[in-house]
Amino acid sequence: RAADRAVAGVVRLIVPVGTPTALRVRAVVTLQQLHPDVALAVAEADDPLTELHRPFDVLLHLGPSPPREGWFSRLVMRLPVQAVAAPAYLAAHGTPARPGDLAAHRLLTWHAGARFADGWPLADGAVLPVESSVVSANAELVTQIAAAGGGIALVPGLGAFPGVEASGLVAVLPAYI
């Protein structure tokens with residue numbers, strides 16, 4: 001801290017690989033506006049909770065709260081997910097009416113850490129087991145594959161990831177996922 005009690009110095013931040021760039025940009029710009037004397041050193045990890053041995057000031061992860069073993073944990077935000085597809089893909093392959101109908105489609109999954117790789121979350125709290133043709137920590141990659149007609153994708157929800165709105169994708173099963 002500087003003499004005027006302003007926050008200053010280097011903040012070491014560990015984030016999950018594949019965190020949408022738009023979310024990172026928003027966080028960095030907000031931090032710069034609030035604390036102009038802070039510099040960030042950002043590192044990525046597949047599962048940030050396995051990086052507790054590394055020196056860090058802030059560690060962000062996606063998923064349930066970690067065990068409270070000497071760590072201070074706060075919920076920063078909830079990151080909704082949604083299923084989306086290109087209108088051309090749905091015209092060629094049909095639009096699923098129920099979650100079970102997804103089994104007949106090519107599924108593209110953005111995985112947040114280990115979450116969502118084998119199952120898609122449903123609005124009622126259940127998890128739908130899925131077999132994805134593409135699984136990636138890179139939300140932009142999954143979104144672009146869907147936009148190119150590659151299948152139905154599970155990606156960060158509207159507002160959390162502007163790439164979805166810009167891609168022309170449409171929501172699939174919004175009442176269920």
Side-chain angles (χ1 to χ4, degrees), residues 13-29 40-52 54 56 58-66 75-96 99-123 125-174 176-177:
L13 173 65
I14 300 176
V15 299
V17 169
T19 302
T21 302
L23 290 177
R24 288 189 254 173
V25 168
R26 186 172 19 175
V28 167
V29 169
L40 284 176
V42 181
E44 293 182 308
D46 285 332
D47 180 1
L49 292 178
T50 64
E51 303 295 317
L52 296 175
R54 291 176 54 184
F56 68 91
V58 177
L59 181 144
L60 299 178
H61 83 99
L62 303 170
S65 295
L75 175 65
V76 176
M77 70 178 288
R78 295 199 184 279
L79 182 60
V81 292
Q82 65 179 347
V84 295
Y89 174 86
L90 296 173
H93 301 280
T95 300
D101 297 343
L102 290 170
H105 290 271
R106 285 190 310 254
L107 302 181
L108 316 167
T109 301
W110 166 68
H111 73 85
R115 296 181 63 196
F116 313 136
D118 320 7
W120 286 13
L122 299 176
V127 174
L128 177 71
V130 298
E131 290 188 27
S132 297
S133 61
V134 174
V135 177
S136 176
N138 186 321
E140 283 98 344
L141 173 66
V142 173
T143 299
Q144 290 305 311
I145 293 170
I152 298 173
L154 182 74
V155 295
L158 290 171
F161 180 43
V164 173
E165 292 91 359
S167 66
L169 296 169
V170 296
V172 174
L173 299 172
Y176 296 98
I177 298 176

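The structure presented is a predicted model; accordingly, all values stated were derived computationally and were not measured.
- Atom CG of residue Leu173 and atom CG of residue Asp101 lie 7.5 Å apart, to the nearest 0.5 angstrom.
- Residues Leu52 and Leu59 have side chains in contact (heavy-atom distance under 4.5 Å, counting atoms from C-beta outward).
- How far CH2 of Trp110 is from OG1 of Thr143: 9.5 Å, rounded to the nearest 0.5 Å.
- Shortest non-hydrogen contact noted between Leu60 and Pro16 is O-CD, 3.2 Å.
- Judged purely by atom type and a 3.5 angstrom limit, Ser136 uses its side chain to pair as donor or acceptor with the backbone of Asn138.
- When all heavy atoms of Glu51 and Ala45 are compared, the closest pair comes out as CG-CB, 3.5 Å.
- Applying the side-chain contact (heavy atoms from CB on, under 4.5 Å) criterion to Val170, with sequence neighbours excluded, gives Pro87, Leu90.
- Between the Arg106 side chain and the Ser133 main chain, no donor and acceptor come within less than 3.5 Å of each other.
- Atom CD of Gln82 and atom CG of Leu169 lie 8.5 Å apart (nearest 0.5 Å).
- Using a 4.5 Å cut-off on side-chain heavy atoms (C-beta onward), Val81 and Pro121 make contact.
- By the side-chain contact (heavy atoms from CB on, under 4.5 Å) test, Glu44 pairs with Val15, Val17, Arg24, sequence neighbours left out.
- Distance check, rounded to the nearest 0.5 Å: CG of Leu108 to CG of Leu154 gives 10.0 Å.
- When all heavy atoms of Ala153 and Ala146 are compared, the closest pair comes out as CB-CB, 3.7 Å.
- With a 4.5 Å cut-off on side-chain heavy atoms, Val25 and Val28 do not count as touching.
- Legend: residues meeting side-chain contact (heavy atoms from CB on, under 4.5 Å) with Pro99, ordered by chain and number and at least two apart, are Leu122, Leu128, Tyr176.
- Glu131 meets the salt bridge (charged side-chain N to carboxylate O under 4.0 Å, His left out) test with no other residue; sequence neighbours excluded.
- Between the Arg54 side chain and the Ile14 main chain, no donor and acceptor come within less than 3.5 Å of each other.
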Stepwise side chain to side chain contact (heavy atoms under 4.5 Å, CB included) check, Thr109 with Val142: CA-CA 7 Å; Thr109 301; Val142 173; over 6 Å; no
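- By the side-chain contact (heavy atoms from CB on, under 4.5 Å) test, Leu107 is found to be paired with Leu102, His105, Trp120, Val130, Ser132, Ile152, residues two or more places apart in sequence or in another chain being considered.
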